[in-house]
There are 2 protein chains.
Amino acid sequence: MNRSRTDDLLEIVNQKRKIEVTKLAEILKVSRVTVRKDLNALEEKGLLQRQHGYAIINNPDDLSYRLAQNYQVKLEIAKKAAELVKDQSIIMIESGSTCALLAQQLGKQGKKVTIITISYFIANYVAAYENLNVIVLGGAYQPSSQVVVGPLVRQTLQEFRVQQLFIGTDGFDLQMGFFGNDIMRTETVQSMAEKASELIILTDSSKFQKMGSIRQFTLAEVNQIYTDKEVPPAIKTGLESNNIQLHLV
Amino acid sequence: MNRSRTDDLLEIVNQKRKIEVTKLAEILKVSRVTVRKDLNALEEKGLLQRQHGYAIINNPDDLSYRLAQNYQVKLEIAKKAAELVKDQSIIMIESGSTCALLAQQLGKQGKKVTIITISYFIANYVAAYENLNVIVLGGAYQPSSQVVVGPLVRQTLQEFRVQQLFIGTDGFDLQMGFFGNDIMRTETVQSMAEKASELIILTDSSKFQKMGSIRQFTLAEVNQIYTDKEVPPAIKTGLESNNIQLHLV
DNA sequence: CATAATTAATTTCATATGAAACTAGATTTT
DNA sequence: AAAATCTAGTTTCATATGAAATTAATTATG
């Protein structure tokens, strides 16, 4: 977790949206060649894009963009949550960026897992891992989020019943619980939850400070939460008093 | 139609797999700046990739690669076939590269069409067109072809019934009919055909000279074919004597 | 028909790029 | 502890790149 130069790099690029390689080299006090190498590695991971002379962030309504925000924290959360998934199991994963990293971790760890998801981003993200088997549910395609939603998803879900469902969230309120920002997607995740015994939320702690527009789940519906240590203490106790198992990385 | 420099460019790159921009400029007898502009346009269309100093073809087991083969012919076929699709209709499209171009044409023409498909490639390919509504069926995800296949697809299909199904093909034999090269995909397309009144094949004529390994459809099952003028006359009469409507571009 | 306005390609130029050789520090081997 | 290997970063260099200005060719317009 010790902050690497690459982390700084990503943060600067995210903040500036577009910045010259030369300027980055000045700020970080390394040669341009080194910056270029770092940038190429980050581009490889899909965390930013290159242009002749520049580094630019991904399109903000792209999933890769969200992936680049708090990347290290999300990665740690995903690693921790991956421990929960047994070899040879079948799990459901929703569409969040941390969920994508969870899937990737499972792939890297070589566990044989079947992932049922609504996200084509995730399906592609882990395409390289032979040990993962991905089933994508059917439905209306939302290109911006690369997710399928709507009544057809519910119908496709009929056939399934799993132990664990991993989801992300967009906002939180101690009284009302967790929130989403897209009606279709929120509704779809709720349908998924009906088919899973255990609901596990993966989210960086920033979401606990945000509101959302559509209620996703009440606290009573959530079983476990994986997040980072920055959760406000009041929220922490609130969650725990609702019998939610809290894992902090 | 009249052969443009861009067509030559694409053909050379496809043939050489990887070639220097400088060399391309020499061959085509234009400046390097011009070649670069052309290459950038082709990259934009997904027909090739750029590297510092080079143009390289797409990964051959990628759908974008197939798209780049006989691109102009496929485009003409797609344009012609698009005339068949009525505004406000619901159609099924399989996963071939010409099918992707058909979807794109419908998008460009501004027709309000709902496309039911098994191809995530197509779903993304036409993401920009607001007039198109894409429903992707659910199933096991094949990352190489970016398609869903298997029993779940069949189950998802239960809900649908459409007039037209557009498909591509991998091979042909006058006695046996059309062939595919992937069992899962071929089987899945057959399931789709059960839900459509009319089966329309879009393919460049080269496929008529190829064999395939799994029978896809008999001639009796096919209603219309859109292809180019290079179909061998014997095959042409053979098709027509089977009551198949043949459209040549 | 002439002139203006687009469009297509070229030349020029300052800067970015990847490759390779090099250097200093850290880590492993003996 | 000395030598060998590995790693991260730098310097150097020949070439590629995008931007802008220029020229040539085509199409529109009065």
Using modelled atom types and a 3.5 Å cut-off, is there a donor and acceptor pairing between side-chain atoms of A:N70 and backbone atoms of A:V73? no

Does A:Q88 have more than 12 heavy atoms from other residues, nucleotides or ligands lying within 6.0 Å of its CD? yes

Spacing of B:K23 atom NZ relative to D:dT15 atom P, expressed in whole Å: 14 Å

Provide, to the nearest angstrom, the distance between the CG atom belonging to B:L9 and the P atom belonging to C:dA9. 12 Å

Set of side-chain contact (heavy atoms from CB on, under 4.5 Å) partners for B:A82, sequence neighbours left out: B:L102, B:Q105, B:L106, B:Q109

Can you measure B:L28 atom CG to C:dA9 atom P for me and round it to whole angstrom units? 11 Å

Is it possible for you to check whether B:K18 lies under 6.0 Å from the centre of the six-membered ring of B:Y54, through NZ or CZ, and within 45° of that ring's axis? yes

Aromatic ring centroids of A:Y120 and B:Y141 under 6.0 Å? yes

What is the distance from CZ of B:R5 to C1' of C:dA9, rounded to the nearest Å? 8 Å

Think A:T22 has a side-chain N or O under 4.0 angstrom from the OP1 or OP2 of C:dT15? no

Look at the side-chain N and O atoms of B:T34 and state whether any lies under 4.0 Å from the OP1 or OP2 oxygen of C:dA9. no

Nearest-Å distance for atom pair CG/P, residues A:D38 and D:dT7: 17 Å

Between the protein and nucleotides 17-20 of chain D, list the N/O to N/O atom pairs that are separated by less than 3.5 angstrom.
| unit_1 | atom_1 | unit_2 | atom_2 | d |
| --- | --- | --- | --- | --- |
| D:dT17 | OP1 | B:R50 | NH2 | 2.4 |
| D:dT17 | OP1 | B:G53 | N | 2.9 |
| D:dT17 | OP2 | B:R50 | NH2 | 3.4 |
| D:dG18 | N7 | B:R36 | NH2 | 2.7 |

Would you call B:K207-B:D170 a salt bridge at under 4.0 Å N-O? no

